[in-house]
Amino acid sequence: MDRNQQRPRSSILDSLGEELIGILTPVSICMFTVVLLVCLLNSDPSSSSSFSSIATAAYSETDSDSPWDKLLGAFLNSLVFVAAITVATFLLVLLFYLRCVTFLKLYMGFSALVVLANLGGEISILLIDRFRFPIDSLTFSILLFNFSVVGVFAVFMSRFSILITQGYLVVIGVLVAYFFTMLPEWTTWVLLVALALYDLAAVLLPVGPLRLLVEMAISRDEDIPALVYEARPVIRDDSRLVQRRVWREQRSNVNDDDVENNVVRAEEEEEQRSEEISVPLIDSSSSSSSRPETFLEGIGLGASGAIKLGLGDFIFYSVLVGRAAMYDLMTVYACYLAIIAGLGVTLMLLSVYQKALPALPVSIMLGVVFYFLARLFLEVFVVQCSSNLVMF
Amino acid sequence: MTVAAGIGYALLALGPSLSLFVSVISRKPFLILTLLSSTLVWLVSLIVLSGLWRPFLPLKANVWWPYALLVLSSVCFQESLRFLFWKLYMRLEDVLDSFADRISRPRLFLTDKLQIALAGGLGHGVAHAVFFCLSLLTPAFGPATFYVDRCSKVPFFLVSAIIALAFVTIHTFSMVIAFEGYAKGNKVDQVIVPVIHLSAGMLTLVNFASEGCVIGVPLLYLVASLTLLHCGKMVWQRLIESRNQSGPTLR
């Protein structure tokens, strides 16, 4: 065996970490788009406009309150919001238990329609206004209608092109996240921390609604009807991945994730070789994330070995980064790196523990910590140094 | 400055790293992860340094020696962090090699190790450019521009972009030199990297003199090109040596 024969064998570095990048790319695109929207549309500081939602039901922040009042008000707001989400998630669990899957799928499609048409239309109008784009209302409404309907089909139907489905999920995440950044400042930060804690409880505690949902889905061998982003499945002749495929082949009902033809072919080849594998090696688990009122979830490993990340995680990462963008872009870079690090840690834990994990806590905590560190310490230091052209 | 000028300054600082990213790093997902983690390490080191120096800021306007102290302490901290980063990388290399053995694939080639070091260095360089140059550009969009008194011929943003480009080069290639120096136990390479970093940092202090940037910036580019040459020579020697090594034994 000489060197020439060794050359064509590819190194392991060529394909290692592909699944991680498959999740990091859409998260980064979502965050980048939200930051762009925030920078473009928030040039006047008169925001905290007429945005009232369930998250500001208990207390709406005004500039004249003392910090203690704001903090207390933010706590109340978050409490109300988390309580609303808990109720909605338990309702979801109940409906799933009673096998009202059609109703849930219809609700998912309806919520996608509302987000794309209503929120998408509002943001488009704001953008058209900002850039003075000449378009008439008839053309606009036709385009918006087409856009929303294709989005609903992409979310609803399982055999849609995976790239378009992924694109629409990212767009839905961007739209909802942008609207959440319009919440008052203290409320946003306390809400993010409260949601991270809720996510931890809901996925890991035995009585948590998301854990119940995931366990029911596994025991029935079904997928949860929810807005979940699935990264493209990686096709490799890695022994672990092959075994995952076989497990999927033994599932009886129609699954909505398989759009790659060669995945099916690989399954058929390996089926003969591994009849002895009767226990699923991984949990195909993830939890729901449709409208913000019923979301929150975790990361799971998809049936074909791809990583699934719920849309709620996309939304809240982008809310954190968007809120950081309202202060300064240095905090944006710091928070972006913190969130990516948190996501990486969570994915590593996922590969170790092999069950559904909450994706929010680590990233949100790191993001919040880095935001305050950057705002208090980093900015002064860096501006001092670079305005005197002293760098290292 | 206008959006076009802003994009121009950003590309000036980050253009070569963007082309390195697209051509080398984006092909292998593992290198993207290495880049992100080394960016994070640099950010954490910067945050720790800013936390340490916060009680002493803001420094007085025209006195240069506190800045010298600041640069010295920062460079020492970052170099020690580079050594720790290398230790972590060694452990990672062992894990990767055992994984490769388990799935019966070849172990890491020399080019793989060099690419990982390059990605690590590029992460440091990109973090430097982003935090010292880009983060000041982006709030400043608008019709006017800004000049500093001490360097009045050129807009401030242009000077900081040019300095950032030099530092990106220095960070990227000194990481390759450092990793190879630690791996081979070569004392010259191990010492030359902190020396380069420190001298580059100290050279920016020349910018304190009035119109000092006219001398400071070209000298900085001299240091950057020295780094580039040394790294190129070292990598070339290693490649020739490894080819000679594997040639005779496989016959």
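Keep in mind the model is a prediction, meaning the values are calculated, not measured. Below, read A as the first sequence line, B as the second, and so on, with proteins coming before strands; counting in each chain starts at 1.
The heavy-atom pair separating B:G51 from B:P55 by the smallest distance is O-CD, 3.8 Å. The shortest heavy-atom contact between A:Y317 and A:A359 is OH-O, 2.7 Å. Residues B:L49 and B:S73 share a closest heavy-atom pair of CD2-O, 4.3 Å. Residues B:S38 and B:G120 approach most closely at OG-O, 2.9 Å, considering heavy atoms.
Contact count against chain A (heavy-atom pairs under 4.5 Å) is highest for B:L96 among B:L134, B:L96, B:D149, B:L205. Among the candidates B:V75, B:L108, B:V130, B:I116, the residue making the largest number of heavy-atom pairs closer than 4.5 Å to chain A is B:V130. Contacts with chain A were tallied for B:V71, B:I32, B:L33; B:L33 has the most, counting heavy-atom pairs under 4.5 Å. Between chain A and the options B:G201, B:S74, B:G212, heavy-atom pairs under 4.5 Å are most frequent for B:S74. Your options are B:I170, B:V159, B:L40, and the one with the most heavy-atom pairs under 4.5 Å with chain A is B:L40. The candidate from B:A100, B:S37, B:C213 with the greatest count of non-hydrogen atom pairs under 4.5 Å with chain A is B:A100. Per-residue counts of heavy-atom pairs under 4.5 Å with chain B were compared for A:V390, A:V332, A:V380, A:L329; the largest is that of A:V390.
Using a 4.5 Å cut-off between heavy atoms, A:I340 touches chain B through its side chain atoms alone. For a residue to count as touching a neighbouring chain, one of its non-hydrogen atoms must lie under 4.5 Å from one of that chain's; by this rule A:L20 touches chain B with the side chain only. Of the atoms belonging to A:L376, it is backbone heavy atoms, and not side-chain ones, that fall under 4.5 Å from chain B. Interface remark: B:L43 contributes side-chain atoms only to the contact with chain A (heavy atom separation under 4.5 Å). Only the side chain of B:L136 comes within contact range of chain A, judged by heavy atoms closer than 4.5 Å. Heavy atoms of B:C133 lying under 4.5 Å from chain A are absent altogether. For B:R27, the part sitting under 4.5 Å from any heavy atom of chain A is the backbone (N, CA, C, O) and nothing else. Looking at B:L198, there are no atoms closer than 4.5 Å to chain A (heavy atoms on both sides), in backbone or side chain. Residue B:V206 does not touch chain A at all, counting heavy-atom pairs closer than 4.5 Å. Using a 4.5 Å cut-off between heavy atoms, A:I21 touches chain B through its side chain atoms alone.
Between B:F131 and A:Y333, the ring planes are perpendicular. Angles over 60° get that label, and only those under 30° would be called parallel. Using cut-offs of 30° and 60° on the angle between ring planes, the pair B:F156 and B:F146 is perpendicular. Classification of the B:W42-B:H171 ring pair by plane angle, with boundaries at 30° and 60°, yields perpendicular.
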Evaluation steps, ring pair (Phe, Tyr, Trp, His ring centres under 6.0 Å), between B:F132 and B:F167 | CA-CA 10 Å; B:F132 277 107; B:F167 268 103; 8.0 Å; no

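The number of heavy atoms from other shown groups lying within 6.0 Å of CZ (A:F131) is above 12. The neighbour count for A:F372 CZ, taken as heavy atoms of other residues, nucleotides or ligands under 6.0 Å away, is above 12.
Figure legend: cation-pi geometry between A:R375 and A:Y327, with NZ or CZ positioned under 6.0 Å from the six-membered ring centre and within 45° of its axis.
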